[in-house]
Participant: 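To start, I am sharing the structure in question, which I have written as structure tokens.
As a basis for the values below, the full set of heavy atoms in this structure was taken, side chains included, without hydrogen atoms, waters or symmetry mates. To find a chain, count down the sequence lines: A is the first, B the second, and so on, and within it residues start at 1.
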Amino acid sequence: MNNGLSGAAAIVGLGISEVGRVYGKTGPEFAADAVLSAVEDAGLTLADIDGVLMSIGIVPDNTLISASLGLTNQQLSSKFTFTTPGGASACAAIQYASMAISSGMASTIVYVHYDCPLPSPDLSISDVFGDNLAKGTSGGNPGLIGIPGLSSAIGMTSANQGYALATRRHMLTYGTTSQQLGAIAVAQREWALLNPIAQMRKPMTIEDHQNSRWIAEPLHMFDCSLVSNGAAAFVITGSERAADLPQPPVYVWGWGQCHPGYTMSKGCDLGLQSGATISGQLAFKMAGIELSAIGVRELYDCYTFTVLISLEDYGFVEKGEGGPFAASGALGPGGSHPTNTGGGQLSAFYLWGATPLYESVVQARGHGGERQVPNHDFVLCSGNGGTLDHHASLILGANPRS
Amino acid sequence: MDVAPVQRDEFSAGFFDAAADGHLAVRRCENGHFLPPSVGYMGPSLRCPECQSPEIDWVHASGEATVVSWTVIHAKDGTRQIAGIIELAEGPWMTVALDLESDEGLEVGAALKVSFVHPEGGEFVPVFSLS
């Protein structure tokens, strides 16, 4: 099953800027902090870097991070966009970096994700982008022009409403409840309490979740990700070189992507079936391991619902059983299926796919401290973009392929 | 119901011309396949997804539809709006405002019919209510 690339590259450096409701820097400045931190963590210098991959979050930015850091003669440089593959960019970046390293195109690559949607402590995200009627074209909002404008005009102004429609469909079809989604939020908050850099450090109950204000029914505020400023960066190199570096290498065992291409017509399964199914099958086939080998799950959680549908579509539970599974306590500390062990985007910080990827590396290294999952030989990391339009998977291993 | 004024662009001109005449328009290719007006927020289909024909026109739809899913959107100012994914009788989905007092008792498959609102300074916009 091994395609020759499984285990050939490893994540050897991990860096993060100040993250959360932190101010006074631009997105690229956060990115620079994270890159320098990751390169130092890897025991390398900028002179060792010959490839750069970038992704941004909500706020568009055209800064060329490599040149602004003084990185010259890069042999690879690309930036992922807001929509494609959006939240799947982090997993995709590790995949493409691994392939570039295996092909000899570059030897040591840094990937950075950055965002700065909160300009000051006085402004909320809805102050910046509007929560009711369209105010512009930022944040994926198409404005009030043409067919896409029909959605903006009726209040479909952000990702929240589209995910609400997808979530409702799952509820109507399988009987999933808001309380079951709340169990995901509560489990992740329990993990966040063990994470010193998490934004949300107060305990949460199901009642707190149920009492949090409606954003777009059936989604409460605590079903939705946070908003964060900051950046996270990752250094990837070949596995042979990785063995000589100071940090425990996190080997890239398997990957896959799936972009469902929802038809938005009769028979479309939006909200019922995601790209996690095919993306996961590809990743497990490449890694040559079974689902049961996974000790840690870091699943993209722009909303509680994406965790639920990913658990189902990867096959951890039968289709439609994600709600009762979450409510059983399986996902939290001490549960049978530790998931989003840093608190995720719901309770730690919102750096899109870099949030689950960051925690994947922490766990695979065994550096999770109080929240470390004992069985961390294999970590499943997922990314999701658009309204379930893009899905990417990584299987990361604490050990090299023998 | 709070619907903001929408401006036309070249692609949507046929849709809004029909709306001004009281008709819901749907895209149909030369081979008779119906297309959704947009595919999520990724924009319109560039070709008919079934036959790849580039010859696609706006034609009048029946205006009949059924409920696929819905959300009650809560704005910070306290206003609410019910929006839904609907399936037109012709097959394509649209995301539209649902003109309902409440979503209590609403079910998948509930029959809907189109009407139009005309926000000042914008085009006619379709809204759907229970038929």
Participant: Considering only distance and modelled atom types, tabulate donor-acceptor pairs under 3.5 Å from the side chains of residues 64-71 of chain B, sequence neighbours left out.
Facilitator:
unit_1	atom_1	unit_2	atom_2	d
B/Ser69	OG	A/Leu165	O	2.7
B/Ser69	OG	A/Arg169	N	3.4
B/Trp70	NE1	B/Asp103	OD2	2.8
B/Thr71	OG1	A/Glu217	O	2.6

Participant: Just how far is it from atom CG of A/Asn160 to atom CD1 of B/Ile73, taken to the nearest 0.5 Å?
Facilitator: 9.5 Å
Participant: So, taking the atom named CG in A/Leu219 and the one named NE2 in B/His74, what distance separates them when rounded to the nearest 0.5 Å?
Facilitator: 10.5 Å
Participant: Does atom CG (A/Leu272) have a neighbourhood of more than 12 heavy atoms from anything else shown, all under 6.0 Å?
Facilitator: yes
Participant: Which answer fits A/Ile215, side chain, backbone, both or neither, if we ask what part of it has an atom under 4.5 Å from a heavy atom of chain B?
Facilitator: backbone
Participant: Using non-hydrogen atoms and a 4.5 Å limit, figure out which bit of A/Thr167 sits close to chain B: side chain, backbone, both or neither.
Facilitator: neither
Participant: How far does CG of A/Leu150 sit from OG1 of B/Thr95, to the nearest 0.5 angstrom?
Facilitator: 9.5 Å
Participant: Would the number of heavy atoms belonging to other residues, nucleotides or ligands and lying under 6.0 Å from NZ of A/Lys79 be above 12?
Facilitator: yes
Participant: Return the option, out of B/Ala13, B/Pro126, B/Ala97, with the maximum number of heavy-atom pairs under 4.5 Å with chain A.
Facilitator: B/Ala97
Participant: Can you tell me if CZ on B/Arg8 sees more than 12 non-hydrogen neighbours from other groups inside 6.0 Å?
Facilitator: yes
Participant: Can I get a per-line list of side-chain donor-acceptor pairs under 3.5 Å for residues 19-37 of chain B, giving both atom names and the distance, sequence neighbours left out?
Facilitator:
unit_1	atom_1	unit_2	atom_2	d
B/Arg27	NH1	B/Ser45	O	3.3
B/Glu30	OE2	B/Ser53	OG	2.8

Participant: Could you walk me through whether A/Trp214 and B/Val72 pass the side chain to side chain contact (heavy atoms under 4.5 Å, CB included) check?
Facilitator: CA-CA 9 Å; A/Trp214 288 116; B/Val72 183; over 6 Å; no
Participant: Using every non-hydrogen atom in the two residues, find where A/Ile154 and B/Val96 come nearest and quote the distance to one decimal.
Facilitator: CD1-C, 3.2 Å
Participant: For chain A, which candidate among B/Val127, B/Val6, B/Leu88 shows the most heavy-atom pairs at distances under 4.5 Å?
Facilitator: B/Val6
Participant: Between B/Pro5 and chain A, which part of the residue has a heavy atom less than 4.5 Å away: side chain, backbone, both or neither?
Facilitator: backbone
